[in-house]
Each structure stands twice: as C-alpha cells, then as structure tokens.
Novice: 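Below is a structure I'd like to ask you about.
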Amino acid sequence: MPNHAPIQFDIEARSDSTLKFSPQQQNKKRKREHEQPPPRVSSVHQNGQPKKNRQSNLNSSLPNLSGPNAKLNVRRQTLLPIRKQLPIWSHQQEIRQSLRRTDVLVLSGETGSGKSTQVPQFLLTEQWCNGRIAVTQPRRVAAISLARRVAEEMGTPLGSSSPASRVGYSVRFDNSTSANTRIKYLTEGMLLQELLRDPALKEYSAVIVDEIHERSVNVDLILGFLRNLLTTGRHAREGKPLKVVIMSATVDTEKLVKFFDEGYKIPHLGSSESPVQSKFISTVYVEGRQYPVSINYLPEPTNNIIEMSLKTIFQTHYKEPLPGDILIFLPGQEIIENLERQINELAANMEAEVPKMLTLPLFAALPQAAQQRIFQPAPPRTRKIILSTNIAETSVTVPGIRHVVDCGTVKMKYFHSKLGLEALLAKPISQSAAIQRKGRAGREAPGKCYRLYPESEYVKLDRNTRPEILRCDLSQAILIMKARGVNDVLNFPLLDPPPQKAMEKALLLLLQLGALNGEDGSINEIGQKMAKLPLTPTLARVIVEAAKPEMDCLEDVIDVLACLSVENIFLNPATEEKREAAEAARKDLFRREGDHITLLSAVRAYTSERTDRREWAEQRWISHRAMQNVMNVRKQLHAQCKQLGFLSKDASLRADSASFTALDERKTDMIIQCLTRGFLFNTAALHPDGSYRTLFGKQTVAIHPSSVLFGRKVEAIVFSEFVFTTKAYARGVSAVSLAHIDGLL
DNA sequence: GAGCACTGC
C-alpha cells in the first residue's frame, strides 16, 4: 500500500497558503453533537450470547425445511452467528420485555446496530403477535433490500415467490407478499394506502416505524394515526393488541414519548412526572457500530466553496494513503459539474508518482448507469472523488469512503402558503444533517470529516432539519386525513403542528376543488375518489373532471398527468451547441397550444415508437428513465380509473402502435379545460403592459423560458407549476381563453 | 432568457 508523504500543493497560483483546519477535541465534539456514549469500534460483543430458550423459540418459528429448502436453511445457519454479533442482539430481552409491559417502544439505535433487520424477528415469537408485523421505510429500495435480507436470515423464500414465504415487501408498482407473510416491509405511502382499506390495521399485531428522523409528511401522518389507534380509536381493533415501535438513528426520544403519552392522557390532567418515564411508553437505546471520525473546521467562513473544496480535496489526496475515497457534499448539479471540470483540469497536471484521481458526480437526475459507477472499485493507484448532492446522505451508501468534505448547504423546497408559491433555495444544513454526513466517513474504517465552515457556524445551525410538514402545501396531507375518517383535522395529533393559517389555506383549496362539503368541511364523494389516486389533489381533480362523459379525453389527460407527476422528461443539455441540436430534434413534438399538449405528443410519439425507445429518447434529449416512469404511472392511473368507474372495465391501454393519431383542436380544448378546472388558482391574464397577472391574487408571473409559450402573448394562461427563482415564474403553461375561465366560476 | 435538492402513492 503506497504511503504518500504530504506534498505542498499549489493550486494554479490561486493561493500559496496551505489550508488549515482546526482539529477538535473528542470530548468537546460529543457534547456539541449530542451523541450519547462514545461510538463503539469493536465489532464483537462478548456478552451478547442468546439464552437457550430464546434460541429454541426462534427455531420453532421457522417451517421445517428440507429438500429444495435445505439451501435456505444452510444460508440461515451461516447468517446466525453474524446476527448474534450485532449490537442489537444483546438488547433482545430488553426489547421483548418492554413490549410486554407497554404498547409503545421508542428505540434509538445508531447506524449499524441492526435494528431494521432484527427487531421484527424478535417480535415474531412473542405471545401477543398473532398477526403480521409491518415495518415502514421512507424509500422503496430500502424496503425491498431489507425484506430480501430478513428472508435469508429466516431461511424462508421471499415474498410472492412461494406460498411458504414468511417475509415480503410492498412498494408502489411492486407488491411481493403471500398469504403467509408475517413480516412485511413497506414504504410509508403504502401503509397510508392500507389505512384507507382498513383504518384499524386489523391484520397487523405490530407496526414498526423505521427511520423516523427523516420526518416525511407521511411518517408524521402515520404517527398520528397510530396514536389514535392506540388510544381513542382502540375499540376499532376489536380487542386485538397493537404494538408500536418507533425507531431511528438520532431520535428525539423525549419528544416522541411526550407525543404518545399525551394521547393516553386525554383529557390531559397535567402530569408532574417526567415524560421520559411514562408508564405507557418504554425506551431503549442501542449503540451503533461506527468507526470514529475526526472533525476539522475552517478557521474562518469562506465565500468560495469551490476553491475551498479543491484545496481540501487535493491536500487530502496528497497527504492521505490509499485506500480511502473522498465524498464531497454539494448543494446542486451545477456546482458539481463545475467542480468536476476544475478537478479534472488540475489532476491532469499531477506528478506521475502521485496516485490518479477518478471524479464521479452523483445526483438524482444522473442516468442510472452513471450512478452505478460509484459502486465499482477504483482502478489500481487511483482515488475516487465523489461529488454528490445530499442523495449520498441517506439514499445511497457509497462504499470505500474515508474522507468527507461537507460544504454545509443543501437545496430545499420551501412553500409560501400565502402566495401558494414554492421556491428551491440553498440553505445551511442542520446539525443532525452535518452529523449524518460526517458518519459517511466511518462506515468501514476510522475517517476524517472536513467542514468548510468554522465551528462557530456549526453551533449556530438548527439542531434538526425542519420537518417537511412545516414546509409544504398541506392539501394532500389533509385529504389523506379526511379520507381516513379524520374530520377535525385541526386537532389531529401531529408531532409538529403546522400554523393554523397553513391548514386553513389548504382546506380552502380542497373546498375550491370541490372535494369537501361546503357546510361542515366533511369529505364528499369527489374527495374520496381523489384520495384514492396517487396524485396531488389538484392533479386528482383534473382526472375527476376528465372522467365526465362530455369531456371524452380521460386517457389523454392521464398521459399528461403522468408526465407532470414524474421528473422533467426534457433534459437540459450543458452546452449551447447541444441545446440547439436537442431543440431541432424535438421540434416535431412541440405544440403551440402549450407545454401540456407538448407532453402529450411526446408520450404519443414515444409509445408509438416500435424499434428502439431508448434511442428515440436519447436522440431528442428526453430522459428515458423519466419516460419509463411515465409508462408506469400511466398504467397505474389507467387501472385505478377503471376501479373508480371512470373508465369502462374493458378499456385497455391505447394500443401502442396505433396511438399516434392527430390531435384535433376540439380534443386539445377539452384537455386544457380539464386542466383549468384543477388549476383554477393557477390562471393568469395578459395585461396591456405585456405582463401576466394571476386572476386570483393579482400576482405578476412570467412564462418560464423553458416553456414552448415563452415570449408569446396569449389572452390567458393556465400553469401547473409556480416557482420563484430570480422572479415569479409559471412553468408548464398552456394557452386558455378568458371566456372559458369565466365559465368555471 | 432560466438553471431543478430528495423522497413517495
């Protein structure tokens, strides 16, 4: 293994000063970062041996395996000693006994503790556990891979592959469970869907809510529903016990205990006891398995993140031995591509004896194949430099990382409920995000983290990232509650209740969409149907409108909405030259009616392409992955519209080869009419001065330069997105007549 | 004449 002595590196005479980070003392660090015990480095736990009866208990829960299943059994036996070494294993009795005593357990388990795979298996053999165990995950990949792992550990086939399977998963577009499934990994959204069918979750004996610190809107709603089910809604369970486990890496235990405790104490009598000692909720802490990571701060704040990143990367590369890749967290695609270019220029001039650098960008919009490159080991004498957005913070685990560079910012969507306008802004990260980023360096060996900001800035950061429910449009959350029997949404239990104004704004939108009864705000039949669709209320309302017999355009509307509910299908070429080429290739798809009809013609052209769809997409700078998503959503919406009675039972997805028919004016008119019904608040009229102003609110909006209507003057517009960047822009724009908008009022 | 972090049903 080569060991490189530190070499003074002069970055193109930008500055001859070597970067100086101030190292920090370990004990001080722990206090600042509210990490309780020191990270455990040892991987063997001496006292974690299971007791005899526990072991036999586990065995008796498994089917008698022989013949073709012998292989599964062998695998199970191989995995068992590995499981026993997990930090969580020595807490097995504590966890089991907690749930015999109380219905709720708050379990904080650090990264690598094994909680996501082991806890469900511990509960399976408890006496109260006759039904299934649900384990929720924020992401699809996590749900699927955890199910696969646990099936192996239990020596059972996975999901729907065999009726003997006892472990399965359920995510959108992919349900793999059998009648005998006992442990079911599912996304948070899927559990909410199940609540629609079965509000008391009667098939489950336990619900384990994992990764709760990510605080998606969905997980916040699930916590509220579970609290109600354990307390005021208990009778609906018909005597069946329900156990709830809340799990997370960095969890605010006290806040969660208080949240559930309040549910049990309604009417609240004012408790004098500390909420952490609730008689209704138990808590368990499990240490993780993480190597120590040292933290280095800049002595002064910087206003040049790119230059600081370059210096840190090259200094680390010259100083630190291989192996040990570098992961840099940056806010967005643009800065990633910029920094990538500069690293490559500098790396080309490195001395021959210095190891090579391999720069790899990583962000969600990157094609799948390019994303996969980060998992390949670096060639000999080469260090991987991964430039990533916060996708690497939670969603993707990059192997081989020993050095993390954290620029300290992230782009986040903010919703201004007063204007109904959203903005994507680069903001400082929270302390918990900084800790999470740092932890990425300590997965395989002790690591180092370089924060490109001073410690004085770190201590000023918010402790936790603001939960999504405080930052987003609440109309979908409220529709989810109402459709599951919660009429008094202002009193629904939420960990962080949004301001009442934001709730009222969302209720108003739902009323305007016609989803609620005007007198008492209860959900009506239209609202119930909207809630069944995997779309925002606005988009769902467009479907309902298109389902009216006189409209006769539902299938076309489905194609448009499928595009609006996935990422942008049109890619942005990086250079002017390529942009012109892309525009020329797409010209036959553009429609003067606007962006929505343009999307429809793109879907039609794509589905009628019979030879090579990928090539068709690439030639036009259209994202093939996005189009595949469009096809999935389209299929799902089609099936759901049949279930809702919007399409006849025998309607089939339009025959792909015959689908490219001319769009006549009457048809496009109908489609835009349906869109306008859903997006009534997103309409603007042309003023004599040439600007557009919204009909409700009189907000000035400009047509976004990416729109096919950019630079055109039409009487009025309807738009599906309203964003604030350099100014207020309407994106996804169609031309509409004022007379038509008046007709809807 | 702009520029899009990340999930999920």
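Every chain is numbered from 1, with letters handed out A, B, ... down the list of sequences. Remember, it's a predicted structure, so these values are computed and weren't measured experimentally.
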Novice: Return the value, rounded to whole Å, for the distance between atom CZ of A:Arg471 and atom P of B:dT7.
Specialist: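 A:Arg471 atom CZ is separated from B:dT7 atom P by 14 Å.
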Novice: If we ignore angles and hydrogens, is there a donor and acceptor under 3.5 Å between the side chains of A:Ser432 and A:His213?
Specialist: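 No pair is found: no donor N or O on one side chain lies under 3.5 Å from an acceptor on the other.
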Novice: Just call it for A:Val171: base, sugar-phosphate, or nothing, with non-hydrogen atoms closer than 4.0 Å on any strand.
Specialist: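 Answer is sugar-phosphate: A:Val171 comes under 4.0 Å of backbone atoms only.
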Novice: Taking the side chain of A:Leu424 as its heavy atoms from C-beta onward, which of B:dC9, B:dC4, B:dC6 lies nearest to it?
Specialist: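 Among the listed nucleotides, the one closest to the side chain of A:Leu424 is B:dC4.
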Novice: So for atom CD, which belongs to A:Glu334, do other residues, nucleotides or ligands contribute more than 12 heavy atoms lying within a distance under 6.0 Å?
Specialist: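 No.
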Novice: Choosing from B:dC4, B:dC6, B:dC9, which nucleotide comes nearest the side chain of A:Phe363?
Specialist: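 Per side-chain heavy atoms of A:Phe363, the pick is B:dC6.
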Novice: Taking for each residue the nucleotide of DNA chain B bearing the nearest heavy atom, is the 5' side occupied by A:Pro534 or by A:Ala365?
Specialist: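 The answer here is A:Ala365.
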Novice: Closer than 4.0 Å, any side-chain N/O of A:Thr389 to the OP1 or OP2 of B:dC6?
Specialist: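 For B:dC6, OP1 or OP2 has a side-chain N or O of A:Thr389 closer than 4.0 Å.
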Novice: Picking from B:dA5, B:dC6, B:dC4, which would you name as closest to the side chain of A:Met412?
Specialist: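 Given the options B:dA5, B:dC6, B:dC4, the side chain of A:Met412 is closest to B:dA5.
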Novice: Using a 4.0 Å heavy-atom cut-off across all strands, classify A:Arg139 as base, sugar-phosphate, or nothing.
Specialist: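 Counting heavy atoms under 4.0 Å across all strands, the contact made by A:Arg139 is with sugar-phosphate only.
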Novice: Compute whether any side-chain donor of one residue and acceptor of the other, for A:Tyr185 and A:Asp210, lie under 3.5 angstrom apart.
Specialist: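 Judged by distance alone, the side chains do not pair up.
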Novice: Within this structure, what is the CG-CE distance for the pair A:Leu425 and A:Met412, rounded to the nearest 0.5 Å?
Specialist: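 CE of A:Met412 is found 10.0 Å from CG of A:Leu425.
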Novice: In whole angstrom, give the distance that lies between atom CD of A:Gln636 and atom P of B:dC9.
Specialist: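 Taking atom P of B:dC9 as the reference, CD of A:Gln636 is at 8 Å.
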Novice: Indicate whether any N or O donor in one side chain lies under 3.5 Å from an N or O acceptor in the other, for A:Ser691 and A:Asp689.
Specialist: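 Yes - a donor-acceptor pair under 3.5 Å links their side chains.
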Novice: Under 4.0 Å between any heavy atoms, over every strand shown, what does A:Gln476 touch: base, sugar-phosphate, or nothing? Just pick one.
Specialist: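 Base contact - A:Gln476 has a heavy atom under 4.0 Å of at least one base atom.
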Novice: What's the CZ-C1' distance between A:Phe570 and B:dA2, to the nearest Å?
Specialist: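 Spelled out: CZ on A:Phe570 to C1' on B:dA2 is 17 Å.
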Novice: NA contact type, A:Ile391, heavy-atom cut-off 4.0 Å: base, sugar-phosphate, or nothing?
Specialist: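 Here A:Ile391 touches the backbone only, sparing every base.
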Novice: Could you state the CG-P distance from A:Asn218 to B:dT7, rounded to the nearest angstrom?
Specialist: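 Spelled out: CG on A:Asn218 to P on B:dT7 is 15 Å.
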Novice: For A:Ser216, report the nucleic acid contact type (base, sugar-phosphate, nothing); a contact means any heavy atom under 4.0 Å.
Specialist: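 Nothing, no nucleic acid heavy atom in range.
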Novice: Across the strands shown, which category fits A:Phe173 at heavy-atom distances under 4.0 angstrom: base, sugar-phosphate, nothing?
Specialist: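 No contact at all - A:Phe173 keeps every heavy atom at 4.0 Å or more from the nucleic acid.
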Novice: Output the rounded distance in Å from CG (A:Leu221) to C1' (B:dG8).
Specialist: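 The answer, rounded to whole Å, is 12 Å.
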Novice: Which is true for A:Gln193 with a 4.0 Å heavy-atom rule: it touches a base, it touches only sugar-phosphate, or it touches nothing?
Specialist: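 The residue A:Gln193 makes sugar-phosphate contact but no base contact.
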Novice: Within the structure shown, what part of the strands sits under 4.0 Å from A:Leu535 by heavy-atom distance: base, sugar-phosphate, or nothing?
Specialist: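 Here A:Leu535 touches the bases of the nucleic acid.
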Novice: Categorize A:Thr187 for me: base, sugar-phosphate, or nothing, with a 4.0 angstrom heavy-atom threshold over every strand shown.
Specialist: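 It contacts sugar-phosphate atoms only.
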Novice: Checking contacts here: which listed nucleotide (B:dC9, B:dA5, B:dA2) is nearest the side-chain heavy atoms of A:Lys413?
Specialist: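 Looking only at heavy atoms from C-beta outward on A:Lys413, the closest nucleotide is B:dA5.
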Novice: Checking all strands, does A:Arg731 fall into the base, sugar-phosphate, or nothing category for heavy-atom contacts under 4.0 angstrom?
Specialist: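 Since a base atom lies under 4.0 Å of A:Arg731, the category is base.
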Novice: Once you round it to whole Å, what is the distance between P of B:dG1 and NZ of A:Lys727?
Specialist: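 It is 8 Å, rounded to the nearest whole Å.
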Novice: Once you round it to whole Å, what is the distance between C1' of B:dC6 and CD of A:Glu214?
Specialist: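 In whole Å, B:dC6 C1' and A:Glu214 CD are 10 Å from each other.
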Novice: Within the structure shown, what part of the strands sits under 4.0 Å from A:Thr726 by heavy-atom distance: base, sugar-phosphate, or nothing?
Specialist: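 Sugar-phosphate contact only.
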Novice: Can you tell me how far P of B:dC6 sits from CD of A:Glu211, to the nearest Å?
Specialist: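 Roughly 18 Å, once rounded to whole Å.
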Novice: Would you compute the distance between atom OG of A:Ser388 and atom CZ of A:Phe329 and round it to the nearest 0.5 angstrom?
Specialist: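 So the gap between those two atoms works out to 6.0 Å.
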Novice: Contact class for A:Gln333 vs. all strands (heavy atom < 4.0 Å): base, sugar-phosphate, or nothing?
Specialist: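 Sugar-phosphate contact only - A:Gln333 comes under 4.0 Å of backbone atoms but never of a base.
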